[in-house]
2 protein chains.
Amino acid sequence: MVKANEFTKRFEEICAQKGMRMTGQRRTIARVLANSKDHPDIEEVHRRANVIDDRISLSTVYRTVRLFKEAGILERHEFGDGRGRYERTQSEHHDHLIDVDSGEVIEFRDEEIERLQQLVARRLGYELTGHRMELYGRRLRAEPKPDGE
Amino acid sequence: MVKANEFTKRFEEICAQKGMRMTGQRRTIARVLANSKDHPDIEEVHRRANVIDDRISLSTVYRTVRLFKEAGILERHEFGDGRGRYERTQSEHHDHLIDVDSGEVIEFRDEEIERLQQLVARRLGYELTGHRMELYGRRLRAEPKPDGE
DNA sequence: ATACTTGCAAAATCTTTGCCTCCGT
DNA sequence: ACGGAGGCAAAGATTTTGCAAGTAT
């Protein structure tokens, strides 16, 4: 919730800047994404937006999410299942570890890996412009962890 | 070409083992994949297979590729464009760097990153079962490299 | 009032599946 | 001959788009 307003504010700036209109639908979708701490797919964003306003169509969610993505304030991931999963861009980049049994997604950041990726790219004659990394794993032991799904 | 026969042979073993039939289509598709050093999508596999035998349908390519994938002798990647890209499983795992300008795919392997991925997973309480890593980059300078695409 | 947005339905992609025929064993 | 395999077309799943109507500025 801390950076939620920041997300919405930044989006409003971008809208104003590009002559795009700040509509109720966009505001709602921005709010949904700003408050999402997980990685919802489009259907899920649609579902959550519809809790606030059930007159938002799936197309609009697709179109709005595309806007956010193009504005760089939203990132798209793919975690194995076919559809795209979205998450707002954070100041600190991070990667994901997916629990192959539960589907749970854990975020992490490893400076050393980040550094090595730059290095590998340079060694191959490239300037790194981005990367995707997902680790898939199975929980070790049964540490007490009450949450299901 | 070195391991091409190995791929086909292994597939024939798997077929025999599971009571699956060694058909002309499968043989052809296996041959195409065995000889592909790049990362063709299904359409491309279909196209290449049709050069050898134009009576292979797209469905069959999909079905056969799925078989290969399930048998573990073929890997599926996604390099940003929506469709799946395939490559036969190599003895040595490797990752990919995608040239964001040309789409060219460069394979590489970095032991240190591999090691760190294991470490990160374990640190988070997981046993690493797999991973996906793609670097996206832009070529530095114009080093003499004769091949275009 | 203008032109950006939306909803809806249709279309576009990529992939899977039903069904009947065909072929490997 | 039996049952797996293939071709074809239809169906699925996800995402995009055309168009007429609605709305922010």
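Across the helix from C:dA1-D:dT25 to C:dT25-D:dA1, the helix axis at one end is tilted relative to the axis at the other end by 30° (nearest 10 degrees, each axis from five pairs).
Hydrophobic cluster membership for A:Y136: A:F79, A:I98, A:V100, A:V105 (Ile, Leu, Val, Met, Phe, Trp, Tyr linked by side-chain heavy atoms under 4.5 Å, directly or transitively).
Every residue two or more places apart in sequence or in another chain that forms a side chain to side chain contact (heavy atoms under 4.5 Å, CB included) with B:L67 is listed here: B:M20, B:R26. By the side-chain hydrogen bond (donor to acceptor under 3.5 Å, both in side chains) test, A:D95 pairs with A:H93, A:H131, sequence neighbours left out. Remark: B:F68 engages B:F7, B:F11 in a ring-ring contact (aromatic ring centres under 6.0 Å, His included) (not counting sequence neighbours). In this structure, the side chain to side chain contact (heavy atoms under 4.5 Å, CB included) partners of B:Q118, at least two apart in sequence or on a different chain, are B:R122, B:L128. Shown here are the side chain to side chain contact (heavy atoms under 4.5 Å, CB included) partners of B:E111, two or more places apart in sequence or in another chain: B:E92, B:R109. Here A:R123 pairs with A:L119, A:V120, B:D110 under the side chain to side chain contact (heavy atoms under 4.5 Å, CB included) rule; sequence neighbours left out.
Look at CD on A:E70: it is 15 Å from P on D:dT15, rounded to the nearest Å. Look at CG on A:L67: it is 13 Å from P on D:dT17, rounded to the nearest Å. In this structure, CG of A:D54 is placed 16 Å from P of C:dT6, rounded to the nearest angstrom. Distance CG (B:D81) to C1' (D:dT15): 15 Å, rounded to an integer number of Å.
Residue A:R26 places no side-chain N or O under 4.0 Å from the OP1 or OP2 atom of D:dA24. Contact annotation: A:R66 side-chain N/O to D:dT15 OP1/OP2 distance is not under 4.0 Å.
When side chains are defined from C-beta on, B:R141 does not count as touching B:R139, because their heavy atoms never get closer than 4.5 Å.
Within the structure, the salt bridge (charged side-chain N to carboxylate O under 4.0 Å, His left out) test picks out no pair touching residues 56-71 of chain A (sequence neighbours left out). Listed by first and then second residue, the salt bridge (charged side-chain N to carboxylate O under 4.0 Å, His left out) pairs that reach into residues 48-59 of chain A are A:D38-A:R48, A:E44-A:R48, sequence neighbours excluded.
Annotation: proximity of residues 12-23 of chain B to DNA chain D (heavy atom, distance under 4.0 Å) is found for B:M20, B:R21, B:T23, numbered in ascending order.
Summarising the geometry, atom CE belonging to B:M133 is positioned 5.5 Å from atom CD belonging to B:Q117; distances are rounded to the nearest 0.5 Å.
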Base, backbone or nothing for each nucleotide of nucleotides 7-15 of chain C, written B, S, -, heavy atoms under 4.0 angstrom, 5' to 3'? BBB----SB

